[in-house]
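A note on names: the letters A, B, ... follow the listed sequences, proteins ahead of strands, and every chain is numbered from 1. Values below: all heavy atoms of this structure, side chains included; hydrogens, waters and symmetry mates excluded.
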Amino acid sequence: MSRYNFRESEQKWQRVWRERGSFAAHTAARPKYYVLEMFPYPSGKLHVGHVRNYTMGDLVARYRRAQGFNVLHPMGWDAFGLPAENAAIAGNVHPALWTRDNISTMRGQLQRMGFAYDWSREIATCHPEYYRHEQKMFLDFLKAGLAYRKESWVNWDPVEHTVLANEQVIDGRGWRSGALVEKRLLAQWNLRITAFSDELLAALETLDRWPERVRLMQEKWIGRSEGARVLFGVAGRDEAIEVFTTRPDTLYGASFLALSPHHPLAQRLAERDPALAEFIAECDRLGTSEAVIEAAEKRGYRTPLEAVHPLDPARRVPVYVANFVLMEYGTGAIFGCPAHDQRDLEFARKYALPVIPVVLPPGADPATFEIGDTAFVDDGTLYNSDFMNGLSVPKAKRAVGERLEQSGRGERTIAYRLRDWGVSRQRYWGCPIPVIHCARCGIVPVPEAQLPVELPQDVSFDAPGNPLARHPTWKHVACPACGGAAERETDTFDTFFESSWYFLRFCSARAATAFDRAAAEYWMPVDQYIGGVEHAVLHLLYSRFFTRALKRCGYIDLDEPFAGLFTQGMVLHQTYQSENGEWLFPEEVQEDATGRLVDGEGRRVTIGRLEKMSKSKKNVVDLDAIVDTYGADTARLYLLSDSPPERDLEWTAAGIDGTWRYVNRLWRLVSEPAVPLPPVGRAIPPAVPAEIVVVRRATHKTIAAVTDDLEKFHFNRAVARIRELTNALEDMPVDEPAAADALREGLEVAARLIGPMMPHLAEEMWQELGHTTLLVDEPWPKPDPQLVQDETVTIAVQVNGKLRGTIDLPRDAANSEVREAALALPQVARMLAGKAPENVIVVQNRVANVVIGRA
RNA sequence: GCGGGCGUGGCGGAACUGGCAGACGCACUGGAUUUAGGUUCCAGCGAUGCAAAUCAUGGGGGUUCAAAUCCCCCCGCCCGCACCA
């Protein structure tokens, strides 16, 4: 029995496609389709998670191509980033070389998978030919007021002299140095994404081919909330504290004010109050991560200040500095109303502050209503609130807003959670920010003619700090304005900068400008973007902003870069640990004679949790080994078939084995057909036996179902349908007349349908079936409408909603006919016992429910 | 903490707009073929039960002729939280 020779076949077809330029995209009159997968960071080797992503993208690209679309399907490298620098520090290899080698490895792996990319458009963002254009964009943003410099807080590692990412801060210490992290204020470049807050929020509604959850996450991230700014006086001082609140209606329930540790007033007080300074320092040790801050125990420091209530000057409330108040949101100060906010309530209980209810729940008695452990946060009727008494919450908000505005003690306003995008990084391996600092002229943009500002090659990583800043000559330049001695900016861009416009570069990857406008206007927006849900907010929001910023600067007339988005799940694998707790690679684990899992030396191995594949836990599979053993197509089909694409997938050895067996079954069906096949192109006789019609129906139903499934990204279901068709073809009644014709029809359909998933095998099948064309150039099959619908349907018969039997009737039979047939079923008749049913509900072609009185 | 999501046999999952729960596969069991292993083929496979039947979609409640699907409460797990990409 022959096995499918994937080694020969995959190499052969990859060569044929390459030689024919099958996947090169050109602008054309045909309708375009731009398929894009989130490009990888070249971290070393391709990860199975990447392959899952690209397999889906390839399926879409090949499917749309077969449907006659002019498809653009490019690939490139998000090549700047921290890991290259870490490798340089750890392994004494230059980031550029490390990156180049990784790209070369990973490109080879992608090519082995047979993905239909237009390789002539490959880009790597670390090349000056790429990043020079974003330097120009930055200068344009600067002119347009979309880029500016401001001080912001960062995690500082005092040993390494570097800024740390939140993920590099572990329990308040630098991940490598172990030093206690400090917070520092640093002048940083920012992009004014908040200028587009409303637009970015409103346009989410237009993204109807985006997952609901991603739109929701972005909506919450932008976090528009209507509220008020309220001025509290400070007793005995000529000073005011401005707070932002979404609940100005609860102002009479205020029992304290809380300032962010970074609030200017808090900082000023700390200068003369060592205990407060120590409290602030403690808060700072939490780092900048919002998750850590919010999860930490809520703590406050009581300052000697008392705030004067804006609506009642006789009332005073204490002023705290609290670790949970963020300087970045609102005004960096809040008023606490414990009765109607859970966090405030916990704070009030802890520091024995009064809890004054001012909103009465519907039906509650004002004389007895009290707040226990739970704040009342819903709508109700205001009381204890002077002029607001008796109003509902929305009406009270309006009333207090007007009152504050009249008295000059505040105003209604809208706050966003969204903050401007800090793009400065104190790192070497990134795109240099093209400005020059001159002692006389201040900040001077690098003249466009001098772009790109290239990274110096000769840098060292053997000392702490940013190698760019330490470089002996690079930063020293003449000021373009006055000609005097000046210094380059040594910060580089956040790597999200590169990924915020790469989809535009792909439209004309070798253009002398950032992109050719006509090409971009032809290809954009991306019709189908595919990537991990972990990018749901940052990358996707930055790209949406960037596109708008480019529009404002006259680059392109486009608002939304991604018309369709699909977010796929992760690839998980079992973890294994040895007796001493070390992680083990899957291939280090075996079964012993008794079926227990052991390592190479026969020691007991414990099975850990199912987790995302990661190098640190060693629960990874080697892609090259998989492709060596099973071939690219088997890996591709397995990744598509085992789980719904949006859900996580567990990689198992048994799973890929099963897929490999199917690949061979499919190949045998074509290479060793049960009956000799008729020649290519012979028409199927008009009249064939009923047994053959059944198979032909299966074939055409499969076309319809698979097409529908692919449209809806139900790839696992599409694979199941094709397997059902294969089962039907294996059971072909070969002795019937025209069986061979129906078999050829079914096999050709199977090859076409499986083409986007297993392109090499499909091409091989197509050739084996006698075709001289390339399957990749064949159109997508269309089902015969006559053969898609069955003539009879099976209708479920229920009694009181419980299945009691089924009846076969012609499709679309009259309700009366269904009713009669249902009542005639012996099981039903028995339960009726001669009585008439109370009701019979008939759902066409589906169900008949006989309702019998239960009395 | 906040925001988002998920939960169906031993396992991955299927089930359209509320209409036959378990398609398709993995694993397993029995049988056939094979020198052996593997492959291949046939049959079985949610639970209890001889059967009739009953019970089953994380748990509890509700709406409905009918609920995996809609509503309320609870539990568990996963993802994101702004300098990882």
Legend entry - Identified side-chain contact (heavy atoms from CB on, under 4.5 Å) partner of A:V533 from the options A:M570, A:R213, A:Q568: A:R213

Legend entry - Between B:A66 (P) and A:I795 (CD1): distance, integer Å: 20 Å

Inset, instruction - Remember a base hit wins even if backbone is also touched, and classify A:T794 as base, sugar-phosphate or nothing at under 4.0 Å, heavy atoms. - result: base

Inset, instruction - Take atom C1' in B:A56 and the same atom in B:G49, then report the distance between them in whole Å. - result: 15 Å

Inset, instruction - Under 4.0 Å between any heavy atoms, over every strand shown, what does A:L418 touch: base, sugar-phosphate, or nothing? Just pick one. - result: base

Between N or O atoms, less than 3.5 Å apart, protein on one side and nucleotides 21-24 of chain B on the other: list the pairs.
unit_1: B:A23; atom_1: O2'; unit_2: A:E724; atom_2: OE2; d: 2.9

Inset, instruction - Side chain of A:D648 only, please: which of B:C78, B:A27, B:A85 is the nearest? - result: B:C78

Inset, instruction - Could you work out the separation of B:A51 and B:G61 based on their C1' atoms and round it to a whole Å? - result: 35 Å

Legend entry - Whole-Å gap separating P (B:G13) and CG (A:L639): 14 Å

Inset, instruction - On RNA chain B, check which nucleotide each of A:E646 and A:V843 is closest to and give me the residue with the more 5' one. - result: A:E646

Inset, instruction - Could you summarise the pairing of RNA chain B as dot-bracket text, marking Watson-Crick and G-U pairs under 3.5 Å with ( ) or [ ] inside the strand and | across strands? - result: (((((((..(((......[....))).(((((.......))))).(((....)))..(((((..]....))))))))))))....

Inset, instruction - Send over the distance from A:L538 CG to B:A85 C1', rounded to a whole Å. - result: 10 Å

Inset, instruction - Ignoring the backbone of A:E730, work out which of B:A82, B:C41, B:C83 is nearest its side chain. - result: B:C41

Inset, instruction - Compare the minimum distances between each of B:A82, B:C84, B:U40 and the side chain of A:R668, then state the nucleotide with the smallest one. - result: B:U40

Inset, instruction - Consider only side-chain N and O atoms of A:T726 and A:Y662, and report whether a donor and an acceptor are under 3.5 Å apart. - result: yes

Inset, instruction - Check whether any side-chain N or O of A:R213 sits under 4.0 Å from OP1 or OP2 of B:C6, and answer yes or no. - result: no

Inset, instruction - For the residue pair A:Y41 and A:N102, confirm or rule out a side-chain donor-acceptor distance under 3.5 Å. - result: no

Inset, instruction - Can you tell me the distance, in whole Å, between the CZ atom of A:R804 and the P atom of B:A52? - result: 13 Å

Inset, instruction - Between B:A67 and B:C75, how far apart are the P atoms? Round to whole Å, please. - result: 26 Å

Inset, instruction - Select base, sugar-phosphate, or nothing to describe what A:F324 touches, counting heavy atoms under 4.0 Å on all strands. - result: nothing

Inset, instruction - Tell whether A:R427 reaches the base of B:C83 with its side chain through a donor-acceptor pair below 3.5 angstrom. - result: yes

Inset, instruction - Identify whether any heavy atom of A:W221 sits under 4.0 Å from a base atom; if not, whether one sits that close to sugar-phosphate; answer base, sugar-phosphate or nothing. - result: base

Legend entry - C1' atoms of B:G9 and B:G18, separation to the nearest Å: 24 Å

Inset, instruction - With heavy atoms under 4.0 Å as the rule, sort A:I841 into base, sugar-phosphate or nothing. - result: base

Legend entry - Atom P, compared across B:A47 and B:G37: separation rounded to whole Å: 29 Å

Inset, instruction - Determine the Euclidean distance between corresponding P atoms of B:G38 and B:G44; express it in Å to zero decimal places. - result: 23 Å

Inset, instruction - Would you mind classifying the nucleic acid contact of A:R343 as base, sugar-phosphate or nothing, using non-hydrogen atoms under 4.0 angstrom? - result: nothing

Inset, instruction - Ignoring the backbone of A:T806, work out which of B:G1, B:G5, B:C20 is nearest its side chain. - result: B:C20

Inset, instruction - Examine the base of B:C83 for any acceptor or donor lying under 3.5 Å from a partner atom in the side chain of A:Q188, and report the outcome as yes or no. - result: yes

Inset, instruction - Taking only the side-chain heavy atoms of A:N849 (C-beta and beyond), determine which of B:C20, B:A66, B:G1 contains the nearest atom. - result: B:A66

Legend entry - Sugar-phosphate, base or nothing in reach of A:T652, heavy atoms under 4.0 Å: nothing

Legend entry - Cation-aromatic face contact A:R215/A:W210, 6.0 Å, 45 degrees: no

Legend entry - B:A85 OP1/OP2 closer than 4.0 Å to side-chain N/O of A:T495: yes

Inset, instruction - Compute whether any side-chain donor of one residue and acceptor of the other, for A:Q426 and A:Q188, lie under 3.5 angstrom apart. - result: yes

Inset, instruction - Check the surroundings of atom NZ in A:K298: do more than 12 heavy atoms from other residues, nucleotides or ligands lie under 6.0 Å from it? - result: yes

Legend entry - Interatomic distance, A:M831 CE vs B:A53 C1' [rounded to whole Å]: 11 Å

Inset, instruction - Under 4.0 Å between any heavy atoms, over every strand shown, what does A:P644 touch: base, sugar-phosphate, or nothing? Just pick one. - result: sugar-phosphate

Inset, instruction - Let me know, please, whether A:Y662 or A:F80 comes out on the 5' side of the other along RNA chain B by nearest nucleotide. - result: A:Y662

Legend entry - C1'-based separation of B:A66 from B:C73 [nearest Å]: 24 Å

Legend entry - Partner of A:F80 by ring pair (Phe, Tyr, Trp, His ring centres under 6.0 Å), out of A:Y428, A:Y131, A:F493: A:Y131

Inset, instruction - Based on the glycosidic angle (syn within 90° of 0, else anti), state the conformation of B:G10. - result: anti

Legend entry - Polar contact flag, side-chain donor to acceptor under 3.5 angstrom, A:N727-A:R665: yes

Inset, instruction - Please measure how far the C1' atom in B:C55 lies from the corresponding atom in B:A21, and state the result in whole Å. - result: 13 Å

Inset, instruction - Take the angle between the ring planes of A:H47 and A:H50 and call it parallel below 30°, perpendicular above 60°, tilted in between. - result: perpendicular

Inset, instruction - Mind calculating the distance between OH (A:Y329) and C1' (B:G3) to the nearest angstrom? - result: 13 Å

Inset, instruction - Please state how far atom NE2 in A:H50 lies from atom P in B:A85, giving the value in whole angstrom units. - result: 13 Å

Legend entry - Test item: side-chain donor near acceptor, A:Y329 and A:S225, under 3.5 Å: yes

Inset, instruction - Quickly work out the A:E498 CD to B:C83 C1' distance and round it to whole Å. - result: 14 Å

Legend entry - Options B:G5, B:A85, B:C81, nucleotide nearest the side-chain atoms of A:L216: B:G5

Inset, instruction - Describe the nucleic acid contact of A:A654 in one word from base, sugar-phosphate, nothing, applying a heavy-atom distance below 4.0 Å. - result: sugar-phosphate

Inset, instruction - Could you check whether A:V537 gets within reach of a base, just the sugar-phosphate, or nothing at all, counting any heavy atom under 4.0 Å? - result: nothing

Inset, instruction - For A:H535, answer base if it contacts any base atom (sugar-phosphate contacts may also be present), sugar-phosphate if it contacts only those atoms, and nothing otherwise; contact means non-hydrogen atoms under 4.0 Å. - result: base

Inset, instruction - Would you state whether a donor and an acceptor, one from the side chain of A:R846 and one from the base of B:C16, lie under 3.5 Å apart? - result: yes

Inset, instruction - Mark yes or no: A:R417 above the aromatic ring of A:W221, with NZ or CZ under 6.0 Å from the six-membered ring centre and no more than 45 degrees from the axis. - result: yes

Inset, instruction - Side chain of A:R647 only, please: which of B:C81, B:A14, B:G4 is the nearest? - result: B:A14

Inset, instruction - Assert yes or no for the condition that the ring centre distance of A:W421 to A:Y542 is strictly below 6.0 Å. - result: yes

Legend entry - Any donor-acceptor N or O pair under 3.5 Å, side chains A:R697, A:Q789: no

Inset, instruction - Would you classify A:Q168 as touching base, sugar-phosphate or nothing, given that sugar-phosphate means primed atoms plus P, OP1 and OP2, and contacts are heavy atoms under 4.0 Å? - result: nothing

Inset, instruction - State which of B:G12, B:C55, B:C83 makes the closest approach to the side chain of A:K802. - result: B:C55

Inset, instruction - State which residues pass salt bridge (Lys or Arg N to Asp or Glu O under 4.0 Å) with A:R811; sequence neighbours excluded, sorted by chain then number. - result: none

